[in-house]
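Encoded as structure tokens, the structure appears first; notes follow it.
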Protein chains: 2
Amino acid sequence: MTKKQENIINAALQLFAQEGYTATSTNKVAKLAGVSEGLIFRHFTNKEGLLKAIIEEGERKVLTLFETIFKETEPKKIIQKTITLPFLIPNEELEFWKLQFKLKWELNHNNSNKLKPLQEKLIHSFKTLNYQNPELEAAYVLTFLEGLSTAIIKGTLTNRTEFQDFLIYKYQL
Amino acid sequence: MTKKQENIINAALQLFAQEGYTATSTNKVAKLAGVSEGLIFRHFTNKEGLLKAIIEEGERKVLTLFETIFKETEPKKIIQKTITLPFLIPNEELEFWKLQFKLKWELNHNNSNKLKPLQEKLIHSFKTLNYQNPELEAAYVLTFLEGLSTAIIKGTLTNRTEFQDFLIYKYQL
DNA sequence: TTCTATAGTGAGTAATCACTTACAAATTTA
DNA sequence: TAAATTTGTAAGTGATTACTCACTATAGAA
């Protein structure tokens with residue numbers, strides 16, 4: 001990966017996250033990256049290819065975030081760590097996650113399968129803890145996770161640390 | 001409001017919700033509505049005006065949905081009704097709500113103020129029920145509400161009625 | 001050094017974009 | 001009925017879109 005190739009991806013990530021995918025022209029991306037527009041198509045074939053490169057490069061971040069949970073075996077901790085997951089997003093990755101959530105609505109690609117392993121881990125946890133409806137409890141946690149992620153990524157959560165403490169207290173089960 | 005004017009709004013609502021606002025051209029809207037493209041600008045000045053008309057026309061739907069909660073006085077019921085609110089969205093309004101959530105990401109207009117009265121009603125409810133942290137409890141409910149709305153509007157919630165019963169059971173406090 | 005492959009450019013391309021204008025048809029008002 | 005206003009259309013407008021093409025610069029291998 002050359003320096004200019006990286007510039008293109010970073011510029012595209014920034015613009016796609018700020019303005020949206022369709023609203024961002026390849027011309028704008030090239031200008032922000034400091035390269036000729038043609039270079040984008042040399043490296044990424046077309047605009048969609050550029051988007052794919054960004055998403056694929058970021059897939060690792062999803063796995064990195066989930067890793068902490070997957071190596072955990074204690075049921076209670078699994079649930080706790082899931083619920084506070086969005087707080088672990090580092091500031092420099094916020095833009096990437098904003099793009100991910102934007103794309104979930106802009107394009108119609110539902111990555112519900114991406115949460116599948118987490119869902120099963122949760123179901124198993126609730127089963128171990130003898131909950132009556134493990135599947136529904138897992139669905140509940142994931143639904144809340146969606147809302148919490150949205151709040152954090154959009155920055156609408158005013159009292160971050162307070163809310164995090166509140167959640168930890170609430171989910172010590 | 002003439003018949004053609006209605007056709008334009010309906011076509012725009014459908015396309016904006018499906019493809020997104022920026023990705024939908026006024027040409028496409030006109031074709032689906034069965035009118036000349038110029039008529040859109042005669043009635044709505046510009047593309048943004050068309051979007052405004054759709055949103056303004058739908059603002060009433062928000063109030064109608066919230067009405068059930070605002071006339072409720074019993075704290076427990078207020079919380080219960082809030083949590084099951086997204087289930088009350090009629091099928092024919094799903095497209096409108098999809099557009100609302102899409103726009104929340106596509107444009108950067110945060111309508112957090114729209115939830116303000118609901119938030120205050122919730123805080124007051126938790127206060128009356130002597131909860132330790134009424135503000136955080138309200139924030140928790142609203143965060144979950146965001147996730148649940150997303151799931152219902154995107155249609156990713158598989159077991160609707162089951163999940164609804166589960167929530168009612170969980171939130172009988 | 002020369003050959004080859006890749007990186008990079010800048011000026012194009014047709015198509016599409018939101019929007020305008022000149023004009024006609026329909027409807028309302030006087 | 002005649003005048004005035006509103007509704008509607010078709011054919012444009014310049015700007016912008018994603019993308020192409022002919023070309024040059026660079027760097028590593030033979």
Side-chain angles (χ1 to χ4, degrees), chain A residues 1-58 95-96 99-100 102-109, chain B residues 1-58 95-96 99-100 102-109:
Chain A
M1 178 111 63
T2 53
K3 191 80 188 59
K4 297 211 169 183
Q5 215 164 339
E6 272 182 44
N7 285 351
I8 292 171
I9 285 191
N10 288 335
L13 173 57
Q14 188 184 321
L15 290 171
F16 289 173
Q18 275 170 16
E19 324 275 346
Y21 171 68
T22 25
T24 302
S25 65
T26 49
N27 175 33
K28 264 197 237 167
V29 174
K31 272 185 181 153
L32 184 63
V35 299
S36 67
E37 202 178 345
L39 194 59
I40 292 174
F41 298 92
R42 164 120 304 157
H43 285 310
F44 305 100
T45 314
N46 49 33
K47 196 185 171 186
E48 205 191 329
L50 174 56
L51 181 65
K52 267 192 178 174
I54 292 173
I55 293 174
E56 281 166 11
E57 201 222 341
E95 216 157 44
F96 165 75
L99 176 60
Q100 285 287 35
K102 253 192 160 117
L103 290 174
K104 233 176 33 176
W105 288 99
E106 190 171 348
L107 317 178
N108 294 333
H109 76 81
Chain B
M1 177 112 64
T2 53
K3 191 83 187 57
K4 297 211 168 181
Q5 216 165 340
E6 273 183 43
N7 285 351
I8 292 171
I9 284 191
N10 289 333
L13 174 57
Q14 187 183 324
L15 289 171
F16 289 172
Q18 275 170 15
E19 323 276 344
Y21 171 68
T22 26
T24 302
S25 65
T26 48
N27 176 32
K28 265 197 237 167
V29 174
K31 271 185 181 154
L32 185 62
V35 299
S36 68
E37 201 179 345
L39 193 58
I40 293 174
F41 298 92
R42 163 119 302 155
H43 284 310
F44 305 99
T45 315
N46 50 32
K47 196 186 171 186
E48 204 191 329
L50 174 56
L51 181 65
K52 266 191 178 174
I54 292 174
I55 293 175
E56 280 166 13
E57 202 221 342
E95 216 157 44
F96 167 75
L99 175 60
Q100 283 289 33
K102 252 191 159 121
L103 290 175
K104 234 177 31 177
W105 289 98
E106 189 170 348
L107 317 178
N108 292 333
H109 77 82

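Just so we're on the same page: letters track the sequence lines, and every chain starts at 1. Keep in mind the model is a prediction, meaning the values are calculated, not measured.
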Exercise. Roughly, in whole Å, what's the span from CD in B/Glu6 to P in D/dT7?
Worked result: 14 Å

For this session: State whether the side chain of A/Thr24 and the backbone N or O of A/Gly20 hold a donor-acceptor pair below 3.5 Å, judged by distance alone.
Result: yes

Problem set entry | Rounded distance (Å) that lies between atom C1' of D/dT16 and atom NZ of A/Lys31 | 11 Å

Problem set entry | Validation row: A/Tyr21, A/Glu48 side chains within 4.5 angstrom (heavy atoms) | yes

Exercise. Looking at B/His43, does any N or O in its side chain come under 4.0 Å of the phosphate oxygens OP1/OP2 on D/dG8?
Worked result: yes

Exercise. Tell me, do B/Gln5 and B/Phe44 make a side-chain contact under 4.5 Å, heavy atoms counted?
Worked result: yes

Problem set entry | Between C/dA18 (P) and B/Phe41 (CZ): distance, integer Å | 7 Å

For this session: Check whether any side-chain heavy atom of B/Glu57 lies under 4.5 Å from a side-chain heavy atom of B/Leu13, and answer yes or no.
Result: no

Exercise. What is the distance, rounded to the nearest whole Å, between atom NZ of B/Lys47 and atom C1' of C/dT16?
Worked result: 12 Å

For this session: Using atom CZ of A/Phe16 as one end and atom C1' of D/dA18 as the other, report the distance to the nearest whole Å.
Result: 12 Å

For this session: Could you check how far CG of A/Asn7 sits from P of C/dA7, rounded to whole Å?
Result: 15 Å

Exercise. Closer than 4.0 Å, any side-chain N/O of B/Ser36 to the OP1 or OP2 of D/dA10?
Worked result: no

Seminar exercise, completed: Here the distance between atom C1' of D/dT7 and atom CZ of B/Phe44, to the nearest Å, is 13 Å

Exercise. What nucleotide among D/dA18, C/dG8, D/dT7 has an atom nearest to a side-chain atom of B/Arg42?
Worked result: D/dT7

Exercise. Base, sugar-phosphate, or nothing: which does B/Gln5 touch, judged by heavy atoms less than 4.0 Å apart?
Worked result: nothing

For this session: May I ask you to evaluate whether B/Lys4 reaches the phosphate of D/dT9, defined as a side-chain N or O under 4.0 Å from OP1 or OP2?
Result: yes

For this session: Would you indicate what A/Thr24 reaches in the nucleic acid, counting non-hydrogen atoms under 4.0 angstrom: base, sugar-phosphate, or nothing?
Result: sugar-phosphate

Exercise. Does a side-chain N or O from A/Ser25 land closer than 4.0 Å to OP1 or OP2 of D/dT17, or not?
Worked result: yes

For this session: State whether A/Thr2 places a side-chain N or O below 4.0 Å from either non-bridging phosphate oxygen (OP1 or OP2) of C/dG8.
Result: yes

For this session: Would you mind telling me which residue lines up with the more 5' stretch of DNA chain C, B/Glu48 or A/Leu39, judged by nearest nucleotide?
Result: A/Leu39

Exercise. Once you round it to whole Å, what is the distance between P of D/dA18 and CG of A/Asn27?
Worked result: 8 Å

For this session: Indicate yes or no: at least one non-hydrogen side-chain atom of A/Lys47 is less than 4.5 angstrom from one of A/Leu51.
Result: no

